[in-house]
Enquirer: 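Submitted below is the structure of interest, expressed as structure tokens.
What you see below is based on every heavy atom in this structure, not just the backbone, and it leaves out hydrogens, waters and symmetry mates.
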Amino acid sequence: MNEVLCMSKRIESKKTAIFKLEPDGFSIHTFELSQKLTKKQYHQMKDNLYHLQEQPGEEQWIYQERKGLHNCIRFRKYGIRTITFEHTKGEDQFDLYYLRMIVNPRVLIEPGCSYLGILPPEESSVKKLQKAFKKRFEGTVFDNDINHYYLSRLDLCTNIRCDNKSLFRELVRVLRKLPTPPKYERRFFSYCKKKSKKEVNKDNKHYLRFCCGTHELVIYDKTYQIREEGLVVDHENLPNGVLRFEIHCEREYMRKIQKKDDELDTLGLLWKMIRESEDRLVGHFTRCFSDTQFMQMGELENRIKQSRFERKNKEIMLDLASRLQRTQSVDKALEKMERKDIDTSSVLDRFAKLEISPIPLRKKFCAESLPGPVELLKYISDGEISVDYMKVKYK
């Protein structure tokens with residue numbers, strides 16, 4: 001019996017993928033409003049809500065999470081994600097009572113809108129927010145003047161879209177290996193009753209969080225989060241990939257800003273943070289990470305070998321890059337090297353001088369390089385960032 005051998009022809013074509021800023025640019029996403037209550041206010045407001053819930057046909061939307069902490073989710077679909085009543089003890093052991101609201105301003109202004117977008121960075125957005133807040137809480141137990149609350153947390157953010165799924169996934173993979181900046185601590189999702197170990201590990205592969213006392217730096221796959229949490233709205237076509245950069249500003253962070261301008265009310269502070277969001281995002285990430293590109297292993301080796309560093313330093317750099325092909329983070333790779341008494345004290349600085357990341361792209365990846373987080377943030381406002389890659393077909 002004759003055998004017919006079919007040979008496929010490999011065809012390569014050069015393509016270009018684009019990273020671009022989403023239309024809302026740099027702005028804010030979520031913030032927390034807080035208000036100090038008296039003991040009487042705390043109990044009256046909380047008890048009134050529990051009484052309303054007891055009416056026929058009402059579902060459970062207020063519940064006790066633990067002693068001294070009650071959550072209300074009645075207004076969640078209107079952008080008020082959670083309202084919390086908190087009873088705690090101060091440093092002097094006196095009783096303290098607080099009301100806290102976590103607000104998605106875009107959804108509050110426009111219920112039912114996409115969870116991908118952020119608040120448009122325009123002064124009119126602040127006016128719309130004030131009006132929507134007033135209308136939403138009119139006739140309720142809550143104060144409907146947003147300026148009677150103070151900001152206890154605010155998230156600065158921006159979204160960067162990539163039109164190529166393969167490039168986007170590889171960028172997310174190498175980003176999660178980034179080193180923890182000095183004075184920061186890397187935090188991970190922990191196991192809980194709602195998610196299995198496998199699900200939590202999957203979440204951690206799409207999410208980077210570095211914490212410092214007054215703020216947190218966060219990078220994550222926004223499209224993954226929207227799909228996993230079931231936040232896709234009707235008729236919404238999500239892009240192949242959206243990378244979100246955030247700074248979570250805690251109360252102390254914003255108090256320092258407000259002290260310089262004590263005439264700022266809550267809305268004034270919100271507008272100031274919106275105006276400064278790009279400078280603050282770019283500034284923090286630039287100070288914490290080197291402006292380097294991700295390269296394929298072969299190119300990394302060439303750049304290192306051609307550098308003017310001493311032979312011993314080149315060997316340490318090559319060792320680190322090689323380890324990062326199979327190690328999950330720069331931090332872990334450095335720890336393993338240090339346990340073998342290898343001097344890693346300036347190795348990352350040497351990579352920064354060459355403007356390359358020690359984290360190699362996967363073997364046979366379609367592109368020779370990918371932009372790092374600093375490059376993406378610094379230049380995305382000036383226009384699209386293009387990446388050349390090879391598309392392979394067999395005929």
Side-chain angles (χ1 to χ4, degrees), residues 26 28-32 151-160 171-191 200-201 203-222 224-225 243-257 273 276-294 317 320-321 323-324 327-339 343-353 355-359 370-378 380:
F26 292 79
I28 64 173
H29 180 252
T30 304
F31 58 82
E32 182 183 73
L151 282 170
S152 46
R153 173 177 159 161
L154 181 141
D155 296 349
L156 305 175
C157 64
T158 192
N159 291 321
I160 296 176
L171 180 61
V172 171
R173 187 189 73 83
V174 290
L175 282 173
R176 74 168 186 259
K177 297 189 179 190
L178 284 173
T180 302
K183 298 182 181 179
Y184 285 77
E185 178 186 344
R186 175 107 184 244
R187 298 276 178 86
F188 296 90
F189 289 114
S190 54
Y191 309 133
V200 171
N201 287 337
D203 288 345
N204 282 321
K205 288 180 179 180
H206 293 80
Y207 192 90
L208 270 171
R209 179 184 170 205
F210 300 102
C211 303
C212 181
T214 61
H215 62 278
E216 300 175 354
L217 305 182
V218 177
I219 309 174
Y220 66 100
D221 179 350
K222 185 62 181 177
Y224 168 83
Q225 184 236 356
L243 195 64
R244 173 166 285 184
F245 290 82
E246 293 185 346
I247 301 176
H248 299 169
C249 307
E250 303 295 340
R251 174 64 176 158
E252 186 181 343
Y253 185 101
M254 288 179 292
R255 279 175 66 90
K256 290 179 181 178
I257 296 170
M273 296 299 283
E276 298 177 357
S277 57
E278 181 173 358
D279 288 342
R280 290 184 180 276
L281 275 160
V282 174
H284 277 290
F285 278 92
T286 300
R287 288 191 293 272
C288 289
F289 299 99
S290 300
D291 189 357
T292 58
Q293 285 197 329
F294 300 106
M317 294 173 73
L320 176 59
R323 289 172 185 270
L324 282 167
T327 307
Q328 290 303 307
S329 71
V330 172
D331 297 342
K332 289 183 178 179
L334 290 174
E335 286 173 10
K336 291 178 181 178
M337 293 171 71
E338 287 163 5
R339 284 200 292 269
D343 182 9
T344 64
S345 56
S346 300
V347 65
L348 295 182
D349 292 335
R350 291 192 286 274
F351 276 101
K353 286 179 181 178
E355 299 181 349
I356 56 175
S357 170
I359 306 165
L370 285 176
V374 173
E375 180 181 350
L376 283 171
L377 281 175
K378 281 176 71 174
I380 202 73

Enquirer: Do S290 and L348 come within less than 4.5 Å of each other through their side chains, counting heavy atoms only?
Expert: no
Enquirer: What are the two closest non-hydrogen atoms of L171 and L370, and how far apart are they?
Expert: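 Shortest heavy-atom separation between L171 and L370 comes out as N-CD1, 3.9 Å.
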Enquirer: What distance do H29 atom NE2 and K222 atom NZ have between them, rounded to the nearest 0.5 Å?
Expert: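 These two atoms lie 4.5 Å from each other.
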Enquirer: Quick one: does Y220's side chain get under 4.5 Å of R244's, heavy atoms only?
Expert: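 Yes, their side chains come closer than 4.5 Å.
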Enquirer: With side chain to side chain contact (heavy atoms under 4.5 Å, CB included) as the criterion, how do E355 and D291 come out once you've worked through the C-alpha distance, each side chain's angles and the decisive distance to 0.1 Å?
Expert: CA-CA 6 Å; E355 299 181 349; D291 189 357; over 6 Å; no
Enquirer: Is M273 close to L151 at the side-chain level, that is, under 4.5 Å between some pair of heavy atoms?
Expert: no
Enquirer: Please report the interatomic distance CD1(I380) to NZ(K378), rounded to the nearest 0.5 Å.
Expert: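 Reported to 0.5 Å precision, the distance equals 13.5 Å.
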Enquirer: May I ask you to test the L376-F285 pair for a side-chain heavy-atom distance under 4.5 Å?
Expert: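 No; the side chains remain at least 4.5 Å from each other.
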Enquirer: Between C157 and E246, which heavy-atom pair has the shortest distance, and what is it?
Expert: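 Taking C157 first and E246 second, the nearest heavy atoms are CB-CG, 3.5 Å.
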Enquirer: Report the C-alpha distance between F289 and L175 in whole Å, list the side-chain angles of each, state the deciding distance to 0.1 Å, and finish with yes or no for side chain to side chain contact (heavy atoms under 4.5 Å, CB included).
Expert: CA-CA 11 Å; F289 299 99; L175 282 173; over 6 Å; no
Enquirer: One pair to check against side chain to side chain contact (heavy atoms under 4.5 Å, CB included): I359 and V330. What are the steps and the verdict?
Expert: CA-CA 8 Å; I359 306 165; V330 172; 3.8 Å; yes
Enquirer: I need the minimum non-hydrogen distance between Y207 and R186, along with the two atoms involved.
Expert: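 Smallest heavy-atom distance, with atoms named: O-NH2, 4.0 Å.
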Enquirer: Mind checking whether L208 and V218 have side chains closer than 4.5 Å, heavy atoms only?
Expert: no
Enquirer: With heavy-atom distances below 4.5 Å as the criterion, would you say the side chains of M337 and T327 are in contact?
Expert: no
Enquirer: Between P373 and L178, what is the shortest heavy-atom contact and its length?
Expert: CG-CD1, 4.0 Å
Enquirer: To the nearest 0.5 Å, how far apart are CZ in R187 and CZ in R209?
Expert: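 The CZ atom of R209 is 5.5 Å from CZ of R187, to the nearest 0.5 Å.
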Enquirer: To the nearest 0.5 Å, tell me how far T214 OG1 sits from E250 CD.
Expert: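 Separation between the atoms: 8.0 Å.
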Enquirer: Determine whether C288 and Y184 satisfy the following criterion, side chain to side chain contact (heavy atoms under 4.5 Å, CB included), listing intermediate values before the conclusion.
Expert: CA-CA 9 Å; C288 289; Y184 285 77; 3.4 Å; yes
Enquirer: One pair to check against side chain to side chain donor-acceptor pair (under 3.5 Å): E32 and S152. What are the steps and the verdict?
Expert: CA-CA 6 Å; E32 182 183 73; S152 46; 2.6 Å; yes
Enquirer: Provide the closest heavy-atom pair for L320 versus P358 in the form atom of the first, atom of the second, distance.
Expert: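 Closest heavy-atom pair between L320 and P358: CD2-CB, 3.9 Å.
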Enquirer: When you measure from the side chain of K177 to the backbone of L324, do you find a donor-acceptor pair of N or O atoms at a distance under 3.5 Å?
Expert: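 Checked: pair present.
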Enquirer: What distance do H248 atom NE2 and R153 atom CZ have between them, rounded to the nearest 0.5 Å?
Expert: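 Here the interatomic distance stands at 5.0 Å.
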Enquirer: If we ignore hydrogens and angles and just use 3.5 Å, is the side chain of S329 paired with the main-chain N or O of K332 as donor and acceptor?
Expert: yes
Enquirer: If you measure from OG on S277 to CG on D155, what distance do you get to the nearest 0.5 Å?
Expert: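 Answer for the OG-CG pair, S277 versus D155, is 12.0 Å.
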Enquirer: Where is the tightest heavy-atom contact between K336 and R323, given as atom of each residue plus distance?
Expert: CB-NH1, 3.9 Å
Enquirer: Side-chain contact, heavy-atom cut-off 4.5 Å: F26 with L156?
Expert: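 Not touching, per the 4.5 Å side-chain cut-off.
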